[in-house]
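Notes for the one structure printed next.
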Amino acid sequence: MNYKAIVSSVMMALVITGCSTNNKQGANENLGLNRTNQDNLKHPTNVSDTKRNINNVNDNDANDMRVSDDISNRVEALKEVKDARVIVTDNNAYVGAVLNDGGDKDISNDLKDRIADAARGADPSVDNVYVSTNPDFVQSMHKYANDIQNGKPVAGFVDEFRKLVTRVFPSQK
């Protein structure tokens, strides 16, 4: 009987010792699995998701979505353009233009190129310029520009804007 009591006591001691916490420095550190880092919360890895990054307008770019009066003024200085609203996201400028001749159909490639040159001249950070004279697009650009200038949160309409530019510029690279 003594033998069974000793073996039982040793086994209990091992079980209790094995289940205790390890108080060594760094013992509670996660060794890589599900590890979080404060910096990752501020700058998460940018994983490409074509449904979210359409036209280079993604969540990070949404904070950079801005109205450019400088580009608008340069575009309006062209004799063919009566009015223009420009929203810039990252390195893209989206131009909604009303032409002096009232034309809202096809805009010539020459005029598109001159508008693009005017936009890049006003803002060197712009690489891609997308121009439309579609009345719905122009009206939406006015609405978004007014919302941005009046301090409305961009996050509230960035998905709408993304859908709009995808519809108007479907072959955009």
Side-chain contact test, heavy atoms from C-beta onward, threshold under 4.5 Å: evaluate it for Arg85 versus Asn146 and give yes or no.
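A side-chain contact exists here, since the closest heavy-atom pair is under 4.5 Å.
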Assign the ring pair Phe157 / Tyr144 to parallel, tilted or perpendicular, where the plane angle (0 to 90°) is split at 30° and 60°.
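Plane angle under 30°, so parallel.
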Distance alone, cut at 3.5 Å: any donor-acceptor contact between the side chains of Ser125 and Asp123?
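Side chains of Ser125 and Asp123: pair found under 3.5 Å.
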Looking only at heavy atoms, what is the nearest atom pair of [X] and [Y], with distance?
| X | Y | value |
| --- | --- | --- |
| Asn92 | Tyr130 | OD1-CE1, 3.9 Å |
| Asp83 | Glu76 | OD1-OE2, 3.1 Å |
| Asn134 | Asp136 | OD1-N, 2.8 Å |
| Gly96 | Val138 | C-CG2, 3.8 Å |
| Phe137 | Ser132 | CD2-CB, 3.6 Å |
| Lys82 | Asn100 | CB-OD1, 3.0 Å |

Once rounded to the nearest 0.5 Å, what's the spacing between atom [atom1] of [X] and atom [atom2] of [Y]?
| X | Y | atom1 | atom2 | answer |
| --- | --- | --- | --- | --- |
| Met141 | Leu164 | CE | CG | 8.0 Å |
| Met65 | Ile87 | CE | CD1 | 4.5 Å |
| Lys112 | Asp117 | NZ | CG | 14.0 Å |
| Ser68 | Ile148 | OG | CD1 | 11.0 Å |

Just do the salt bridge (Lys or Arg N to Asp or Glu O under 4.0 Å) check on Lys163 and Asp159 with the steps written out, would you?
CA-CA 6 Å; Lys163 289 175 185 173; Asp159 285 334; over 6 Å; no
Taking side chain to side chain contact (heavy atoms under 4.5 Å, CB included) as the criterion, tell me which of Thr89, Val88, Val86, Val168 meets it with Tyr94.
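Among the candidates, only Thr89 passes.
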Looking at Gln139, I'd like to know if its CD atom is crowded, meaning that more than 12 non-hydrogen atoms belonging to other residues, nucleotides or ligands lie closer than 6.0 Å.
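Incorrect, the count does not exceed 12.
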Just wondering, more than 12 heavy atoms not from Lys152 lying within 6.0 Å of its NZ?
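For Lys152, atom NZ is not crowded (no more than 12 foreign heavy atoms under 6.0 Å).
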Is Asp70 salt-bridged to Arg74, going by a charged N under 4.0 Å from an acidic O?
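No, this pair does not count.
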Begin from the C-alpha positions of Leu111 and Leu99 and carry the test side-chain contact (heavy atoms from CB on, under 4.5 Å) through to its verdict.
CA-CA 10 Å; Leu111 183 54; Leu99 302 181; 3.8 Å; yes
